[in-house]
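Below: one structure, written as structure tokens.
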Protein chains: 2
Amino acid sequence: MSDADKGPARGRPRTMNAEQVLDVAMTAYWQSDPADVSVNAICQMAGISKPSLYRAFGSEDGLSRAALDRYAERVLSEMFVILHGGQGLRQTLDALVDFALDDPRMETGCLFYKMRSGKHRLGPDTRARVDEIEAAAQAAYATFLQSARDAGDWPGELSVEAGAKYLGEQIALAITQRASGEDPARIREMLTLALSVFTRP
Amino acid sequence: MSDADKGPARGRPRTMNAEQVLDVAMTAYWQSDPADVSVNAICQMAGISKPSLYRAFGSEDGLSRAALDRYAERVLSEMFVILHGGQGLRQTLDALVDFALDDPRMETGCLFYKMRSGKHRLGPDTRARVDEIEAAAQAAYATFLQSARDAGDWPGELSVEAGAKYLGEQIALAITQRASGEDPARIREMLTLALSVFTRP
DNA sequence: TCATTTATGTACTATCCGGTATTTTATATC
DNA sequence: GATATAAAATACCGGATAGTACATAAATGA
């Protein structure tokens, strides 16, 4: 076992559970908006004091960066699983649509998209992580589309990179609209229309 | 002439030009983001004191509402002119694309879209105005698409309302991406792809 | 000249923010 | 029990925010 999980031998034993605090922060950032959640509010919600939080995470930037890390490994990873699942074009697109429109966790939006749209308000570390995830997502979309093209499923004249960007943005748009309370049936209609460019001759 | 433009007969003459202050506010909100521009900053940029601003506009909500009004009549009106121009489907779509991607004023984004995406941070009056404009835009898109359908230019099976929403959101997406520094050629590629659903059998 | 009226800017309030200095508390070691 | 260590919370700091009380300046009318 690592030595990070065994407390120090001496001194007052810590009562703060950093994992639980991170859960609180991630959820709060996610349900409302990173720019609208203060460290004070997170401390209050987690039942800890501000210095405890700062000792664990260093700064607000450190906290939001850690919350985004957690979100990536807990939630976004599922999207990457879908993309790398090796299913066909239509099946994968359907799975993406389901994830965006039916997964109850996306009901209040996507933390990554919220951070990306307010990127200028983030600290440098969190912003850098947003850029990393953005690049990874773009690469995953491109790999998926490339394999679809290799399989002859997607004969369009569009470049794989442009298609990847387009696909990612349409998914983001749908999730954001869903979070803003738009009619789900209408969103599905629009997303299906947008993605029809991949499945039409 | 109205009596709003002649100053009061007595008392110290006003030196503040509310129109110019409104220009400053609109530009500042537009160039950066409504949530990132304080009334203090606007006063400083306009060279006036805070009480002067509050006497003229009542509150921050009043100011941002007035700035949005001005934006609607100075900028958004041009989009409505395009939509009601009575040109054919492809010509109008091309004009919309040009407006979104080539008009230099859209280079830093659209104030309306910025306010809409941060609606929860606005005061009640400004928020209500955002909703009004949203409805008017939706109606204008729908009218345009209905006339295209009547002319037989757009035989798709999609409802006019869904198409209107889709069209509006794709334009908004393109403008927002342009403001975020995305490669213009790539944006044009994506927007053209998105709108191809209107001009394809 | 002097009162009235209205706009002006200075200076202030109360509140929130991110971040921290300081004290107190709870443990292990001696 | 005494001491060292580390985590805890209280209470604070400086700065920014939206909004305002108040004194003053500049005009008109008498």
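The figures that follow rest on heavy atoms only: side chains count, while hydrogens, waters and symmetry mates do not. Every chain is numbered from 1 and lettered A, B, ... according to where its sequence line falls, protein lines coming before strand lines.
In terms of modelled atom types and a separation under 3.5 Å, the side chain of B:Asp61 and the main chain of B:Thr126 share a donor-acceptor contact.
Rounded to whole Å, atom C1' of C:dG9 lies 14 Å from atom CD of B:Gln44. The CD1 atom of B:Ile42 sits 13 Å away from the C1' atom of D:dT17 (whole-angstrom rounding). Separating the CE atom of B:Met16 from the C1' atom of C:dG9 is a distance of 13 Å, rounded to the nearest angstrom. Separating the OH atom of A:Tyr54 from the C1' atom of D:dA9 is a distance of 16 Å, rounded to the nearest angstrom. Atom pair B:Phe57:CZ and D:dG19:P shows a separation of 14 Å (rounding to whole Å applied). Atom CG of A:Asn40 is separated from atom C1' of D:dA9 by 14 Å (rounded to the nearest Å). In this structure, the CG atom of A:Asn17 is 11 Å from the P atom of D:dA8, given to the nearest Å. Straight-line distance from the CZ atom of A:Arg14 to the P atom of C:dT27: 14 Å, rounded to whole Å.
Of the residues near DNA chain D, B:Asp36 and B:Pro13, the one whose nearest nucleotide (by heavy atom distance) lies more toward the 5' end is B:Asp36. Summary of the strand contacts: A:Asp61 and B:Gly47 both lie near DNA chain C, and taking for each the nucleotide with the nearest heavy atom, the more 5' one is attributed to B:Gly47.
Heavy atoms from other residues, nucleotides or ligands lying under 6.0 Å from CZ of A:Arg90 number 12 at most. Within 6.0 Å of atom CD in B:Glu107, 12 or fewer heavy atoms from other residues, nucleotides or ligands are found, so the atom counts as exposed in its surroundings.
Below the 3.5 angstrom threshold, one finds a donor paired with an acceptor across the side chain of B:Lys50 and the base of D:dG19. The base of C:dT29 is not paired with the side chain of A:Arg10 by any donor and acceptor separated by under 3.5 Å.
A:Gln44 and A:Asn40 are not linked by any side-chain donor-acceptor pair at a separation below 3.5 angstrom, with hydrogens and angles left out of the test. Side-chain polar atoms of A:Thr199 and A:Ser196 form no donor-acceptor pair below 3.5 angstrom.
Side-chain proximity of B:Pro51 to C:dG19, D:dA8, C:dG9: nearest is C:dG9. Distances were taken from every side-chain heavy atom of A:Arg12 (C-beta onward) to each of C:dT24, C:dA7, D:dA21; the shortest belongs to C:dT24.
Checking the phosphate oxygens (OP1, OP2) of C:dT8, a side-chain nitrogen or oxygen of B:Arg55 falls inside 4.0 Å. The side chain of B:Thr15 contributes an N or O atom lying less than 4.0 Å from OP1 or OP2 of C:dT8. Residue A:Ser38 places at least one side-chain N or O closer than 4.0 Å to OP1 or OP2 of C:dC17. Dashed line: the shortest gap from a side-chain N or O of B:Ser52 to OP1 or OP2 of C:dG9 is under 4.0 Å.
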